[in-house]
Amino acid sequence: MALSRVCWARSAVWGSAVTPGHFVTRRLQLGRSGLAWGAPRSSKLHLSPKADVKNLMSYVVTKTKAINGKYHRFLGRHFPRFYVLYTIFMKGLQMLWADAKKARRIKTNMWKHNIKFHQLPYREMEHLRQFRQDVTKCLFLGIISIPPFANYLVFLLMYLFPRQLLIRHFWTPKQQTDFLDIYHAFRKQSHPEIISYLEKVIPLISDAGLRWRLTDLCTKRGTHPAIHDILALRECFSNHPLGMNQLQALHVKALSRAMLLTSYLPPPLLRHRLKTHTTVIHQLDQALAKLGIGQLTTQEVKSACYLRGLNSTHIGEDRCRTWLGEWLQISCSLKEAELSLLLHNVVLLSTNYLGTRR
């Protein structure tokens, strides 16, 4: 009896009589609400599968970049010469891959809209032409890499012969200048030979006026010819003896070297290749005339001049634009039957240009 009174008094002091079960339930509720055990927990205990994959991929990419950065710093610190070659090679692969994707987009657009090559804008035409040339040069490396373990030999050959085996994407800035000079020296060696062939066919020209004009043009050594002097000879180069189909075999080989094309093919193949190459340049000239030389960047102007026979690596931009303007005036005035004159224009217009006599 006394014990029950003590319990009743304790209940009165606390304010109300609380059963043990109610007291335990209250403690659990306070613990879940965070008042007794700390901060509230998120009700979302697990991430979705997509979020897990995204976080994992982000983690892998971050780690890969960190490892790649450490690897680059290691190469640059301990193997500086190899690191330069490695960097150029990796950037070259990226540029080649970007060129391939752009060429594919252009070809896809041509197929969808039934567009021919000569109907493309200038930059797309030039990109396809340059990409085809690069792929053709890489074809030899692809062939010799087919046998087992031949890739080690390929890497050695690329290191020893970068000019012959690698495309411009894998050249250092110094190599680009040096190799372009070397190539121009090769084609410049054929210029006197081509002039001599022109002099040999002068007696075969029936028109006396044309004979005099061609003789005057060939004997003007050290003088840059005027545009009207070259265009006055259109008739000589449209038929016998200087038409594209009437050129002698040795003359065709010399012109192939002047255009940086191989001269070791049979004469019919050389003639066909020269005709195709000259036709492409003529189509590029017509597209460039529509675009305007003023729309080209400095690098585009220098590349266009070099393709057409001028060593633009050591000539200022203004002179390159002036020379390219003269070339376009001649090219856009010629018809398809007169493309032999455009082919010889590589020699006639560039041999004695100011700044190229070295």
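Side chains are part of it too, since the values below use all heavy atoms of this structure and drop only hydrogens, waters and symmetry mates.
- In this structure, Asn239 and Gln246 approach most closely via the heavy-atom pair C-OE1, 3.9 Å.
- With no hydrogens or angles considered, no side-chain donor-acceptor pair links Ser238 and Glu338 at under 3.5 Å.
- Here the shortest heavy-atom pairing between Leu247 and Ser340 reads CD1-OG, 4.3 Å.
- Linking Ile, Leu, Val, Met, Phe, Trp and Tyr whenever their side-chain heavy atoms come within less than 4.5 Å puts Ile167 and Met90 in one cluster.
- Atom SG of Cys236 is separated from atom CG of Leu210 by 4.0 Å, given to the nearest 0.5 angstrom.
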- [ ] Could you give me the CA-CA distance, side-chain angles and deciding distance for Asn345 and Trp327, then say whether side chain to side chain donor-acceptor pair (under 3.5 Å) is met?
- [x] CA-CA 8 Å; Asn345 202 38; Trp327 174 282; over 6 Å; no
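- The aromatic rings of Phe131 and His127 lie parallel to each other, with less than 30° between the two planes, well short of the 60° mark.
- The structure places NZ of Lys253 at 9.5 Å from CG of Leu265, a figure rounded to the nearest 0.5 Å.
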Open item on the list: Applying ring-ring contact (aromatic ring centres under 6.0 Å, His included) to His344 and His251, what does each step give before you reach the verdict?
Closed with: CA-CA 11 Å; His344 287 81; His251 195 166; 4.9 Å; yes
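- With hydrophobic clusters built from ILVMFWY side chains whose heavy atoms lie under 4.5 angstrom apart, Leu250 does not share a cluster with Leu270.
- Remark: Glu300 engages Arg123 in a salt bridge, criterion side-chain N to carboxylate O under 4.0 Å.
- To the nearest 0.5 angstrom, Leu307 atom CG is 8.0 Å from Gln133 atom CD.
- The structure places NE2 of His228 at 11.5 Å from CG of Leu233, a figure rounded to the nearest 0.5 Å.
- Exactly one residue among His191, Gln189, Glu193 makes a side-chain hydrogen bond (donor to acceptor under 3.5 Å, both in side chains) with Arg257. That residue is Glu193.
- Residue-environment remark: NZ (Lys137) exceeds the threshold of 12 foreign heavy atoms within 6.0 Å.
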TODO: Go through the steps for Lys275 and Asn245 under the test side chain to side chain donor-acceptor pair (under 3.5 Å), then give the verdict.
DONE: CA-CA 9 Å; Lys275 188 182 297 185; Asn245 296 324; 3.0 Å; yes
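- Leu288 is listed as a side-chain neighbour of Leu324, based on a closest heavy-atom distance under 4.5 Å.
- Shortest non-hydrogen contact noted between Val301 and Cys320 is CG1-CB, 3.7 Å.
- By the rule that hydrophobic residues join a cluster once side-chain heavy atoms approach within less than 4.5 Å of another member, Leu269 and Met244 end up as members of one cluster.
- Within a 6.0 Å sphere centred on CD of Gln176, other residues, nucleotides and ligands contribute more than 12 heavy atoms.
- Among His118, Lys112, His113, the single residue meeting the side chain to side chain contact (heavy atoms under 4.5 Å, CB included) criterion with Ile115 is His113.
- Heavy atoms of other residues, nucleotides or ligands lying less than 6.0 angstrom from CD of Gln164 number more than 12.
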Task: Phe117/Val280 under side-chain contact (heavy atoms from CB on, under 4.5 Å): CA gap, chis, key distance, verdict - done: CA-CA 9 Å; Phe117 176 79; Val280 170; 4.1 Å; yes
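- Across every non-hydrogen atom of Leu120 and Glu124, the tightest pair is CD2-OE1, 3.4 Å.
- Using cut-offs of 30° and 60° for the angle between ring planes, the Phe89 and Phe170 rings count as tilted.
- Counted within 6.0 Å of CD on Gln119, heavy atoms from surrounding residues, nucleotides or ligands total more than 12; the atom is thus considered enclosed.
- Note that CD of Glu326 and CG of Leu310 are 10.0 Å apart. Values are rounded to the nearest 0.5 Å.
- For the atom pair CE of Met259 and CZ of Arg308, the computed distance is 9.0 Å after rounding to the nearest 0.5 Å.
- Taking each heavy atom of Leu198 and Cys218 in turn, the nearest pair found is CB-SG, 3.8 Å.
- Atom CZ of Arg132 has more than 12 heavy atoms from other residues, nucleotides or ligands within 6.0 Å.
- Shown here is Phe140, whose CZ atom has no more than 12 heavy atoms of other residues, nucleotides or ligands within 6.0 Å.
- Cluster membership for Leu166 and Leu160, using ILVMFWY side-chain heavy atoms within less than 4.5 angstrom, is shared.
- Arg211 places a side-chain N or O within 3.5 Å of a backbone atom of Ser206 that can act as its donor or acceptor partner.
- Under the 4.5 Å side-chain contact rule for hydrophobic residues, Leu334 and Leu343 share a cluster.
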